[in-house]
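What follows is a set of notes on a single structure, which appears directly below.
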Protein chains: 2
Amino acid sequence: MNAPETLAAVDELDTSFLESLMGYNARRATLVIVDAFLKGMAVHDLRPVDFSVLSVIAHNSGVTSRQLCSALNIQPPNLVGMLNTLEKRGLIHRVPHPRDGRAMSLHLTTQGVTLIKAAEKSAAELEAAITSSLSAGERKTLMALLKKIYA
Amino acid sequence: MNAPETLAAVDELDTSFLESLMGYNARRATLVIVDAFLKGMAVHDLRPVDFSVLSVIAHNSGVTSRQLCSALNIQPPNLVGMLNTLEKRGLIHRVPHPRDGRAMSLHLTTQGVTLIKAAEKSAAELEAAITSSLSAGERKTLMALLKKIYA
DNA sequence: TATTGTTATACTCTATAACTATA
DNA sequence: TATAGTTATAGAGTATAACAATA
């Protein structure tokens, strides 16, 4: 019963082993969510990471680049270009840190505040669409279990 | 109460809005899991994607490149190099497809079978470690809810 | 001596266009 | 005409080393 199997073509794929792994399922779910988020944020000309950066600055006016990097797991050299772009778009501005001459404090401009408000509204709507296959209780449970994994 | 806040430095970051989003939590959890998987698979000199490729071939002897690409969301040009590397390592071999002259059937070598058996054993152990903060019931629930998101 | 922001750079991952052999 | 595998290539995303200014 070995030769026929070895020579046979495969019609439908068995991926049951991969599907038994948390990483496989978490990755697939994340890809679906991030893709929906990516498309939904395109109307604001923001990538997910740009949204995260703006949102953290919005809720933490005066935050430093270094703090942002730690919170969002971004390498400092990779943040520079993002901040330059956001600054050129008139969404943020960098000002000297009040107590540390090396650091820069990040703030949203009026335009930035307007944009992040609209973007966070979009995010909330996307959130509902993304988790529409879940009940309110399931959504809450999923969120809690994911936090347990990375906490 | 606006000026002091604008000028103030930030000590602890408020990331509550991001934490309320499924994408943020799913991505963070996935990063933790994939990183653990990456480190655990390094002893077999396999990246997560190599493990997936070998595992699918192991359970679907004769599968074509195109089928692999569809199942694992890999672009065909990006699979070529991976298969070349696995073939050079003596883990797989490509043979002409029995019923389609354009296609190649993928099979594990004896060495490949030995490796994937050890790697799947490692994967199962990693799985336990990764979800050690969860009860058996929670693990099952998390898996089911993730599948609901991407199904 | 250590840290912040920055530049330059490299490496990986992913995506697209185009070719060939075959269906 | 369409598809499988492949090549070449381009673009993101991510990572490290090193520097000037400041702590």
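Protein chains get the first letters and strands the later ones, always in sequence-line order, with residue 1 at the start of each.
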Rounding to a whole Å, what distance do you find between A:E87:CD and C:dT6:C1'?
14 Å
Within the side chain of B:T15, is there an N or O that forms a donor-acceptor pair under 3.5 Å with the backbone of B:L18?
no
Nearest whole Å is fine: how far is D:dA4 C1' from B:H97 NE2?
11 Å
With nearest nucleotide decided by heavy atoms, which residue, A:V49 or B:Q67, maps closer to the 5′ end of DNA chain D?
B:Q67
How many whole angstroms separate atom CG of A:N78 from atom C1' of D:dA12?
11 Å
So does B:D100 reach the base of D:dA4 with its side chain, donor to acceptor, closer than 3.5 Å?
no
Candidate nucleotides C:dT6, D:dA15, C:dT14, ranked by approach to the side chain of A:R27 - the nearest
C:dT14
Hey, does B:F17 have a side-chain heavy atom less than 4.5 Å from the side chain of A:V56?
no
Examine D:dG5: is either OP1 or OP2 under 4.0 Å from a nitrogen or oxygen in the side chain of B:S65? Give yes or no.
yes
B:L79 CG to D:dT3 C1', straight-line distance once rounded to whole Å:
16 Å
Between B:R66 and C:dA23, is there a contact of a side-chain N or O with OP1 or OP2 at under 4.0 Å?
no
My understanding is that only residues two or more places apart in sequence, or in another chain, count here; which of them pass salt bridge (Lys or Arg N to Asp or Glu O under 4.0 Å) with A:K121?
A:E125
Between the base of D:dT3 and the side chain of B:R102, is there a donor and acceptor pair under 3.5 angstrom?
yes
Has the side chain of B:E127 got a donor or acceptor atom that lies under 3.5 Å from a matching backbone atom of A:M22?
yes
Euclidean distance, atom CG of residue B:L31 to atom P of D:dG13 [Å, nearest integer]
14 Å
Interatomic distance, B:R47 CZ vs C:dT14 C1' [rounded to whole Å]:
12 Å
Mapping A:G101 and B:M104 to their closest nucleotides on DNA chain D, which lands nearer the 5' end?
B:M104
Which of these nucleotides, D:dG5, D:dA15, C:dT7, is closest to any side-chain atom of B:T64?
D:dG5
Integer-rounded Å distance: D:dT14 C1' and A:M82 CE:
9 Å
What is the separation between atom CG on B:L72 and atom P on C:dA15, rounded to the nearest whole Å?
13 Å
Do any N or O atoms from the side chain of B:H44 and from the backbone of B:L46 form a donor-acceptor pair under 3.5 angstrom?
no
Is there a side-chain contact between B:Q75 and the phosphate of C:dA15, meaning an N or O under 4.0 Å from OP1 or OP2?
yes
OP1, OP2 of D:dT6 versus side-chain N and O of B:R94: anything below 4.0 Å?
yes
